[in-house]
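As structure tokens, the structure follows; a few thoughts come after it.
Heads up: numbering here begins at 1 and tracks the sequence. The analysis underlying the following values was restricted to heavy atoms, covering all of them including side chains, and did not include hydrogens, waters or symmetry mates.
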Amino acid sequence: MGIRDFDYKFLPIRDAHTSINQKVNIIGVVFEFGFPKPTRGTDYCCTLRIIDETHHQNGMSVNIFAENAERLPRLAAVGDIIQLCLVMVKTYGGEVNAVFNKKFSSFALYKGTDGDDLVPYQVSSKFHPRDEDKMFIAKLRKWLVNFQFCEDTSDFPMLREIKGGHLNLVCKILHCCEAAKDEWFFFVWDGTDSPPNTICAKLEDETNSPLPLHLEPSPLSRELLCTLPTVGSILRITFDVGIEKNHLHLLNIGKWIKFINMRLEVHAGLWRGVFTPFTKLRYTPNEDCLIIERQRLYDERKSLKLGRMPSCSFPKPSCVTEAKHDHVRHVTLMDVLTHSEVTAKFKCVVRMVAVMPCQAEKIRSPAGTYRMQLTLEDPTARIHAFVVAEDGETLFDGYPAADILTRKLNRLLGVTECDDIRNPPWVSICLKSYYVSKTDVWGSRHFRIFDTKIAEAS
């Protein structure tokens, strides 16, 4: 066999696994893709995992090195096909993987199931095409159309099940924005409510260091808010340092995608996802069983009478408050924020996570009028709401002494003897929205709590 014939012999991934310390040629579907990152030297690298009909349970990991990020594979979509020539099969950490050497290896990228063009859309400098390649590409596309990879649901918790640390998620991408230069935020959702976090902040800190209403530097426009779901938590995801962001196009708005090994952390009581150098994106067809399950659960939830209440408040909110208008259904804070009319009344189940001022003797003016600002949150949003005048009289049942006022406020805010860590109760409230200036209807939307009373402690 001549050396040219050897160079173009393609091995199924199953057989490549047994070709340790040999140079091989492989064609596979890109099942997972990691964001490019600099190496400890001067190169850049990315890691991807490929599958074919002979090895689709775990596939084979491929490490690709190049002089700069631009020369790495610029994948159009996870699920596209890559042709790899003269990659070295190695073992590392007990796993077999292929290593792309920039001196002699080459690659070509082809569209996956959504393409019929047999011409690659990106090739490396050392790639040499052959007519025979087309047969392998067409065969792999045909297999991928009917391929169903059912994964263990326990490997992909829903947002309602998340905990801090590294984990896998499958979510729908709703929006992305560049908050600052090279600082991106992605907004993802799966229809469930993320669990509430304890608030690790002193009440007196609210004046100089208030809890943020959102993680992004600037609030989203009302026009954009109205395009987002009003039920279910929206998780903000940002990038860790050292990750090249030239593959952001893989995170398509409106598409579901699987995130592998993403870091989850809490910032100011709000959940935040972080793409790290070890995070990968996994091929996610529209008919994926995990997506179908999440959409089914969301549709069921919307059909329930209490479906807009926070999941953690079931079967009913705490008895800390008494809210009038029993016949009115509860809505989410996102429902409130996106309501078509500025002047409106709502009933919500929320937590009170901050107050200003926090001293009982200061929440009334010298003339005795109530005036305070509460920070409310539910799984969909955080907002500021005011308690003023007669609404304060209703909330606190008149004008009690300072010690009684403090005790009632502490119950509302979840203050215990260790008031640096709080877990406010879920409470039912009545909320009204209004505007300050008739000439600036949308920009001046404010909120007030009314017809709500802090119940007597049992």
Inset, instruction - Fit a plane to each ring of Phe275 and Phe186, take the angle between them on a 0 to 90° scale, and name the class: parallel (under 30°), tilted (30 to 60°) or perpendicular (over 60°). - result: perpendicular

Legend entry - Sidechain-backbone polar pair: Thr238 side chain, Trp184 backbone, donor-acceptor under 3.5 Å: yes

Inset, instruction - Considering only NZ, NE, NH1 and NH2 on the basic side and carboxylate oxygens on the acidic side, decide whether Lys258 and Glu32 come within less than 4.0 Å. - result: no

Legend entry - side-chain contact (heavy atoms from CB on, under 4.5 Å) partners for Arg160, two or more places apart: Met158, Thr192, Leu297

Inset, instruction - To the nearest 0.5 Å, tell me how far Phe185 CZ sits from Glu178 CD. - result: 11.5 Å

Legend entry - Polar side-chain atom of Ser318 near backbone of Trp426 as donor-acceptor pair, under 3.5 Å: yes

Inset, instruction - Can you see which heavy atom on Phe239 is nearest to which on Lys245, and at what distance? - result: CB-CE, 3.6 Å

Inset, instruction - Would you please say whether a donor-acceptor pair under 3.5 Å links the side chains of Thr332 and Asp335? - result: yes

Inset, instruction - Measure the shortest side-chain to side-chain distance between Arg382 and Val350 over non-hydrogen atoms and say whether it is less than 4.5 angstrom. - result: no

Legend entry - Distance-only side-chain donor-acceptor flag, Asp288 / Tyr283, under 3.5 Å: no

Legend entry - Check: Arg308 side chain, Leu306 main-chain N or O, donor-acceptor pair, under 3.5 Å: no

Legend entry - Test: Arg301 and Asp193 ion pair at under 4.0 Å: yes

Legend entry - Exam field: side chain Lys347 to backbone Arg329, donor-acceptor pair closer than 3.5 Å: no

Legend entry - Lys/Arg-Asp/Glu bridge criterion (N-O < 4.0 Å) met for Arg49, Glu95: yes

Inset, instruction - Flag this pair as yes if the NZ/CZ of Arg445 is under 6.0 angstrom from the six-membered ring centre of Tyr435 and inside a 45 degree cone about the axis; otherwise no. - result: no

Inset, instruction - For Lys345, look at atom NZ and say whether over 12 heavy atoms of other residues, nucleotides or ligands are found less than 6.0 Å away. - result: no

Legend entry - Donor-acceptor under 3.5 Å (Ser233 side chain, Ser194 main chain): yes

Inset, instruction - Please confirm whether Lys408 makes a cation-pi placement over Phe396, using NZ or CZ under 6.0 Å from the six-membered ring centre and within 45° of the ring normal. - result: no

Inset, instruction - Flag the pair Lys172 and Asp190 as a salt bridge only when some basic side-chain nitrogen lies within less than 4.0 angstrom of an acidic carboxylate oxygen. - result: no

Inset, instruction - Flag yes if more than 12 heavy atoms outside Phe278 fall under 6.0 Å of its CZ atom; otherwise flag no. - result: no

Inset, instruction - Salt-bridge test for Lys111 and Asp117: reply yes if a basic N is under 4.0 Å from a carboxylate O, no otherwise. - result: no

Inset, instruction - Please name the pair of heavy atoms, one in Ile199 and one in Gly269, separated by the smallest distance, quoted to 0.1 Å. - result: CD1-CA, 4.3 Å

Inset, instruction - Answer yes when Arg351 and Asp378 have at least one side-chain N-carboxylate O distance shorter than 4.0 Å, and no when they do not. - result: no

Legend entry - Distance-only donor-acceptor check, side chains Ser428 and His330, under 3.5 Å: yes

Legend entry - Under 3.5 Å donor-acceptor, Asp52 side chain and His55 backbone: yes

Legend entry - Test: Arg263 and Glu265 ion pair at under 4.0 Å: yes

Inset, instruction - Given side-chain hydrogen bond (donor to acceptor under 3.5 Å, both in side chains), test Gln83 with Tyr110 step by step and report yes or no. - result: CA-CA 8 Å; Gln83 178 178 341; Tyr110 303 81; 2.9 Å; yes

Legend entry - Main-chain N/O of Ala77 paired to Asp80 side chain as donor or acceptor, under 3.5 Å: yes

Legend entry - Test item: side-chain donor near acceptor, Asn423 and Thr198, under 3.5 Å: no

Inset, instruction - Could you tell me whether a side-chain N or O of Trp189 sits under 3.5 Å from a main-chain N or O of Leu228, the two making a donor and an acceptor? - result: no

Inset, instruction - For Thr375 and Val353, indicate whether the former's side chain and the latter's backbone hold a donor-acceptor pair under 3.5 Å. - result: no

